[in-house]
Every structure is written in C-alpha cells, then in structure tokens.
Visitor: 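This is the structure I have questions about; it appears just below.
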2 protein chains.
Amino acid sequence: MTETNNRQTLSVRDWAEAALEVIAEKGVKGVAVEPLARRLGVTKGSFYWHFANRRALLQAALDLWEHQQTDEILERVAQESDPRRRLARVFAEADGSRYAGRLYLALAGATENTLIQSVVRRVIERQTEFLWECYLDLGLDRQAARHKAVLAYSVFMGTLELRRDAPDTLPAGEAFHDYMHFVGEALIPGYDRSLHRREVAAPENVASIGESNRHV
Amino acid sequence: MTETNNRQTLSVRDWAEAALEVIAEKGVKGVAVEPLARRLGVTKGSFYWHFANRRALLQAALDLWEHQQTDEILERVAQESDPRRRLARVFAEADGSRYAGRLYLALAGATENTLIQSVVRRVIERQTEFLWECYLDLGLDRQAARHKAVLAYSVFMGTLELRRDAPDTLPAGEAFHDYMHFVGEALIPGYDRSLHRREVAAPENVASIGESNRHV
DNA sequence: ATCGTTCCATACGGTCGCGTATGGCGCTAA
DNA sequence: TTAGCGCCATACGCGACCGTATGGAACGAT
C-alpha cells in the first residue's frame, strides 16, 4: 500500500507520494504530519527535517500531481496523430486508474486551500484546452469545439464522481463497455468502436520530477 | 449571513440548516460544535442540549438534505407532464442554486463517513431513476434510456464541479445560455429552445432548494 | 580515533475540538 | 411565592495535531 522503499532514508518525493495517497484515501485534511510519519515508519523528526511545515509538504505533493496530470499524460497522448484516437485515449487514461480518479476528486474538493484551488484550476484549463484542440483538429468551428470540449470534460468528471459515490449506478461488466461506446458516440464525431481498444490499464508509473528544493 | 432568527431559542432544524451551510462552505469536516455555536450566537451548552453528539447533528442535517433533494425537488418537477420539459426543469433546478451545488459536492466528497455515503448514494439513485423514467416516457428502450440518464447525470455533476473549481472554463453571460442549449440538444431527444425559457435564468430564487428562506 | 554531517527519535508547549458536569436564568403552573 | 422545567453558560479533562528544541546513531572524511 505505502512505500516499500528499500532505501534506508526517505526523500522529499517519498513524502509527497505518500501525501498524495492519503489525499486519495481521506482527503486533504487527512494529511497530518504525525500519522503520515507513522505510515512511513518514522516520526515527526524525519518530516521536519525534510519540510519546513505541513504546507510545504502539500506544495511538493501538488507540484508532483500537476506535472503528472498535465505534462506526462498529455505528452503521452499527443503522440497519437488521429484526433479521434487522441480523444479515446484521453478518456481511457483518465478512467484507467481508480486511484488517480479519487485523488483528482479529493483535490478538486479541497475548497479550503487557495494553493490547491489554483493548481486544480490550471490542470482543468490545460486539459480542456487539449480537448478543445482535438475537436478543432476534427474540423469543428471554435464555438462548437469549445462546447464539445467542456461537455466532454463534464462527462469525465461526473463519471469519476459516479464511480466513487454510487458505483452501482454505472453499468457493470460488459455493460460498462457498451456504455462507454455510447459515451464515445455522444462525444466523438465519427466515433468508431475500433477506436476503443483494450488499453484500459493505465500503468501506475510515474516519471521523474526533479526533487523539490529542500528548505534551509 | 447566518440565521437571523427572531425567536429567542434555537431548534434542531436551526442547527441542521446551519450545519448544511457550513458543509457547503467548508466541507463536512468544517462542521465543528464550538464554531457552529459561535456562528449561531450561543455556546456548546445549547448544542448538547439539542443533540447527543456531533454525529446526531450530521444525521439531522442529512435527513433534511435528503428530503429536499428527493421528495421536494422531484415532486415539484413531476408536475410537468411533458418529459422533455421535465428534463429541462430538472437541469434548471439543479443548476439554479450555487449554494445547493456546493453542498451537493461537499457531501459527495465526504468519503470518510459511511452515513453520508449511504445518503448520497440514495439521492443519486433516486435522481437517476427519475431521469431514466423521463427518457422511457420519451419512447427510448430500457438500455438507451438508462445510458442517457447516466450520461445526463454525469454531465450534471461534472458541470457542478467545473463551476465550482474552474468557473472560467464554462462560458459566461449569454454564451452560457448557448452552451446550455448545446447541452440540451445533446441530452434531450427532440430538444427545442423553447423548452429552456426562463427557468434557467433564475440565479438566486431557486435557493429555496437549499433553504435560507424561512427566516428573514 | 575524532569530527562533522545526515537523518531521525524524543520530549515539550501550545491550539483546537469533543464530550461531560454543573450551575443559572426565565418562564409557567400550582 | 415557589417549584419545576426548558434552554443555555461555564468550567473541566481528554485526545489529536502542529511546530520547536534537542539529543543521538550511523557514516564518511581526515
């Protein structure tokens, strides 16, 4: 569940990843220094050596998350040349990881923290922008493309919510694939079932982001 | 802002409504006994006379919310005979109150409390059921109606999220109405702009969903 | 062997919120 | 007037968490 880090010492990134895990499980307010230290098998003494305070930990975790949700995902998906396939892949990636979805919703729901709000806003704008360009590449005019992008993003977030809060509402098993095709036909012009290959499993790999600056 | 209650003594409902307000503002974890008492101009002594503990307050608040989100709303909307108009009204009501939307998302995001989760689940199932029946009344077969209902509900929740977390992403002003028509065309078979007359333009009067109207 | 640095443990004071115990004020009924 | 009850204030102990201060073990360098 948590880090089974072979190394004997913890890094800033270890703390940041653990923080993201806790956010996905218990929300932002669940990120407490002492419980997180226990989770990692150490005490607060370790934490306050790596970070100035709790806020600095959240900052590091948010930097990591923002990078994963924008640069990494979009760069991966952008390799697809066909806009239709790009759209299908975006939805597949976004729906691939249950953990990523819970994390996304937890951060979006953190309305108490201005820092988090701005990060979430940037991620949303970046991703809707990407969808917009996909629809523009499909030949839609600016307004129609914009509308479709916003609608598609709403469907994406709403589906995450439904899957988290009322999973029984969504079709299960094979019926879920039928539903996803239905969604594809509603959101992707000229949708074809062959676009939705089996690339569901989004690997949980996380490329390297430069270690955050350690505080003085 | 809060209750300007003329009466000199507080009722259980007063506490429940105040709790819902705080949930909409700061989330469920923001509901603390002592701050809430200060907000109502009293001390904890009052609270623990009306309630056994914090959990009992949440229970009362959830009962109130569930009733408002199911019985009240659906009874109001069900008066509309035309299924298309029912659908349009449902979206209008749901999107009418900013407060109700924030409250909804805050409760849906309370993943730490089993009690809240079950209430949210019931509300979601009740509302999707209603949408399902609307689409059935429009002549769709069971699967198509179900798919459209789930999709429509996803759009609804996703739109709430977008409006809360990245309002600039959604079209503003007159463009918002254009977008809502676009959504209507995507979700309501045989959609006609006349269905969306005045009801969506109500900015604050639909706040009766969430209450605040009884006093003042 | 000594020293300094890295990384963490321990101990402490402080805040906030929960729940309890108990006292007090105002109103009504007898 | 007085007794009783509804409604609230005050005071207390408790636990969880934050941030600081300081000590200590491991380890490489000299």
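In what follows, chains are A, B, ... by sequence order, proteins preceding strands, each numbered from 1. Just so you know, these numbers use all the heavy atoms, side chains as well, and skip hydrogens, waters and symmetry mates. These numbers were taken from a predicted model, which means no experiment stands behind them.
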Visitor: Round to the nearest Å and state the distance from A:R39 atom CZ to C:dC8 atom C1'.
Guide: 20 Å

Visitor: A:Y153 side chain to A:E125 main-chain N or O, any donor-acceptor pair under 3.5 Å?
Guide: no

Visitor: Please check this pair: side chain of B:E80 against backbone of B:V90, looking for a donor-acceptor N/O pair closer than 3.5 Å.
Guide: no

Visitor: Once you round it to whole Å, what is the distance between C1' of C:dC8 and CG of A:D14?
Guide: 14 Å

Visitor: Check the phosphate of C:dC8 against A:R38, side-chain N and O only, distance under 4.0 Å to OP1 or OP2. Yes or no?
Guide: no

Visitor: Any donor and acceptor pair, going by atom type alone, linking the side chain of B:R54 with main-chain N or O of B:V31 inside 3.5 Å?
Guide: yes

Visitor: Please give, in whole Å, the distance from C:dG14 P to A:R54 CZ?
Guide: 23 Å

Visitor: What pairs of donor and acceptor atoms, side-chain ones from residues 107-115 of chain B against any protein atom, are under 3.5 angstrom apart with sequence neighbours left out?
Guide:
unit_1: B:N113; atom_1: OD1; unit_2: B:L115; atom_2: N; d: 2.8
unit_1: B:N113; atom_1: OD1; unit_2: B:I116; atom_2: N; d: 3.4

Visitor: Take atom CZ of B:F47 and atom P of C:dT20, then tell me their distance rounded to the nearest Å.
Guide: 11 Å

Visitor: How close or far is atom C1' of C:dC16 from atom NZ of A:K29, stated in whole angstroms?
Guide: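 Checked: the NZ to C1' distance equals 13 Å.
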
Visitor: Nearest-Å distance, OH (A:Y48) to P (D:dG23)?
Guide: 20 Å

Visitor: Report yes or no: does B:W15 contribute a side-chain atom to a donor-acceptor pair with the main-chain N or O of B:A61 at less than 3.5 Å?
Guide: no

Visitor: Could you run through nucleotides 8-15 of chain D and give me one letter per nucleotide, 5' to 3': B if any protein heavy atom sits under 4.0 Å from the base, S if only the sugar-phosphate is that close, - if neither?
Guide: BBBB----

Visitor: Which pairs, with at least one residue in residues 164-176 of chain A and sequence neighbours excluded, count as a salt bridge (Lys or Arg N to Asp or Glu O under 4.0 Å)?
Guide: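 Of all non-adjacent pairs touching residues 164-176 of chain A, those that pass salt bridge (Lys or Arg N to Asp or Glu O under 4.0 Å) are A:E161-A:R164.
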
Visitor: In whole Å, what is the span from the CZ atom of A:R55 to the C1' atom of D:dC18?
Guide: 15 Å

